[in-house]
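Below you'll find the structure, written out as structure tokens, and then a few comments.
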There are 2 protein chains.
Amino acid sequence: MPYFSRFSIGVRTISIGNTLPSADEQAALFSHVREAHKYEAIEDYVELIDDLINATGEARLVDIANRMGITQPTASKTIARLQREGYVTSEPYRSIFLTDKGKKTAESSRERHEIVYRFLMALGVQEENARRDSEGMEHHVSDETLAVFERFTATQSSKQ
Amino acid sequence: MPYFSRFSIGVRTISIGNTLPSADEQAALFSHVREAHKYEAIEDYVELIDDLINATGEARLVDIANRMGITQPTASKTIARLQREGYVTSEPYRSIFLTDKGKKTAESSRERHEIVYRFLMALGVQEENARRDSEGMEHHVSDETLAVFERFTATQSSKQ
DNA sequence: ACTAAAACTTAGCCAAGACTTATTTTATAC
DNA sequence: GTATAAAATAAGTCTTGGCTAAGTTTTAGT
Ligand SMILES: [Mn+2]
Ligand SMILES: [Mn+2]
Ligand SMILES: [Mn+2]
Ligand SMILES: [Mn+2]
């Protein structure tokens, strides 16, 4: 995003139609990303918990910690927050369960994640990078972009 | 990413070729995203500082704070970290300058940001969403994906 | 030159998300 | 059924990145 030239009158400068967005517009972009990051941990955790329950029958703290690549105390603290915020239930020394709210969040998160992953694959990105990139990108994709991704993937599939 | 069925023998379950990645592989994905987030603030700040210098002649704390949508003390603290880590220089009550390291980071960050933005536009995403999504996505795009994005955008442009 | 406004810093608060070390509880194996 | 291993919790530390309130310095206007 290039900028038009400016010139100075005295100390401050006068803009001549540069393309810097207004401060408020730009602030809204960054605020939006910060907001997305607030839900990132929640989304990744409930998706993983749901995967573990489906794949192994239960979600144990030790497995969550190992698969997230963090220590058990760190996972424990986040699970406590998830419980506080109504996404999971858990009792001391017992495995973790999703609430209805948690299940819904897990399902929509997984669906979004898969759409992003399949889109990258359809674009021709190597599986390893598609996995890596989609794990981060999934949290920053608007509904519109998600729909565009989905349409593109479908089109590519039918072309084969 | 669907999982194959498991069945129980006693308390624990036995897997029958489900597609859950290994714990280590999955942990590597999350670690990679966490690593990307560590550089996110740095990248956004230096890009903005560079934009402000190009557009207005200087990067003032008050403008950084306003455009990031945060308070001045918060911006001030992050600028102190950027200075500690060698991206900017600053003196009390004076505006902020990029070091060579900061300039390089700003340039590569802006280039990556623009490639992601133009890719979304080429895909047909509305400008508002392209701006929003690219501000977050830019930090989670591998070099391979970036190259694929660039190629796609070029192809689309030549089709018009 | 003075005054008032704007910009910046300082200090202190908080939550999230990472860690280590130590303890307690539960599960497994013999 | 008891010993040992594994899992979970407890307690305390650190950094990042937010905030407010209050004070200081610089800039701008008359
Ligand atoms: Mn993710
Ligand atoms: Mn992110
Ligand atoms: Mn950017
Ligand atoms: Mn960004």
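Just so we're on the same page: letters track the sequence lines, and every chain starts at 1. Only this structure's heavy atoms are used, side chains among them; waters, hydrogens and symmetry mates stay out. Everything numeric here is computed off the predicted structure, so don't read it as measured data.
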My understanding is that only residues two or more places apart in sequence, or in another chain, count here; which of them pass salt bridge (Lys or Arg N to Asp or Glu O under 4.0 Å) with Glu91(A)? none
Nonpolar side-chain network containing Val62(A), other nodes, edges under 4.5 Å: none
What is the nucleic acid contact for Pro73(B), judged by heavy atoms within less than 4.0 Å: base, sugar-phosphate only, or nothing? base
Of the listed dC8(C), dA8(D), dC19(C), the closest approach to the Tyr93(A) side chain comes from dA8(D)
Pick the nucleotide of DNA chain C nearest each of Pro92(A) and Ile42(A); which residue has the one closer to the 5' end? Ile42(A)
Mind calculating the distance between CD (Glu58(A)) and P (dA7(D)) to the nearest angstrom? 11 Å
Rounded to whole Å, please give me the gap between CZ in Arg60(A) and P in dA27(C). 10 Å
Would you mind telling me which residue lines up with the more 5' stretch of DNA chain D, Glu85(B) or Glu91(A), judged by nearest nucleotide? Glu91(A)
N or O in side chain of Ser76(B) less than 4.0 angstrom from dC8(C) OP1/OP2: no
Can you tell me if the side-chain N/O atoms of Thr74(A) get under 4.0 Å from OP1 or OP2 in dG17(C)? no
Could you tell me whether the side chain of Gln72(A) has a donor or acceptor atom within less than 3.5 Å of a complementary atom in the base of dA7(D)? no
Between dA27(C), dG18(D), dC8(C), which nucleotide has the shortest distance from any of its atoms to the side chain of Arg94(A)? dA27(C)
Degree of bending in the helix from dA1(C)-dT30(D) to dC30(C)-dG1(D) once both end axes are built from five pairs, to 10°: 20°
In chain order, what residues pass the side-chain contact (heavy atoms from CB on, under 4.5 Å) check against Thr99(B), with sequence neighbours excluded? Thr89(B), Lys101(B)
Take the protein atom CD1 of Ile70(B) and the nucleotide atom C1' of dC14(C), then report the distance between them rounded to whole Å. 16 Å
Side-chain donor-acceptor pair under 3.5 Å between Glu43(A) and His139(A), yes or no? yes
For atom CZ of Arg34(B) and atom C1' of dC14(D), their distance in whole Å: 16 Å
Tell me who clusters with Phe119(A), hydrophobic residues only, linked when side chains sit under 4.5 Å apart either directly or through other members. Ile115(A), Val116(A), Leu120(A), Leu123(A), Val125(A), Met137(A), Val141(A), Leu146(A), Val148(A), Phe149(A), Phe152(A), Ile115(B), Val116(B), Phe119(B), Leu120(B), Leu123(B), Val125(B), Met137(B), Val141(B), Leu146(B), Val148(B), Phe149(B), Phe152(B)
Can you tell me how far P of dC14(C) sits from CZ of Arg81(A), to the nearest Å? 18 Å
Across all chains, not counting sequence neighbours, the salt bridge (Lys or Arg N to Asp or Glu O under 4.0 Å) partners of Glu128(A) are Arg132(A)
Would you mind reading off the distance between Ile96(A) atom CD1 and dA7(D) atom P, rounded to a whole angstrom? 13 Å
Separation of dT9(D) C1' from Gln83(A) CD (nearest whole Å): 14 Å
Take atom CG of Leu61(B) and atom P of dT27(D), then tell me their distance rounded to the nearest Å. 14 Å
Hydrophobic clusters here meaning ILVMFWY residues chained together by side-chain heavy-atom distances under 4.5 Å, can you tell me if Tyr45(A) and Val33(B) are in one? no
Identify which nucleotide among dG18(D), dA8(D), dT20(C) has an atom closest to any side-chain atom of Thr71(A), counting heavy atoms from C-beta outward. dT20(C)
Which of dA16(C), dC19(D), dC19(C) is nearest the side chain of Arg84(A)? It is dA16(C)
Modelled atom types, side-chain donor and acceptor of Ser142(B) and Asp133(A), under 3.5 Å: yes
What does Lys77(B) touch in the nucleic acid at a heavy-atom separation under 4.0 angstrom: a base, only the sugar-phosphate, or nothing? base
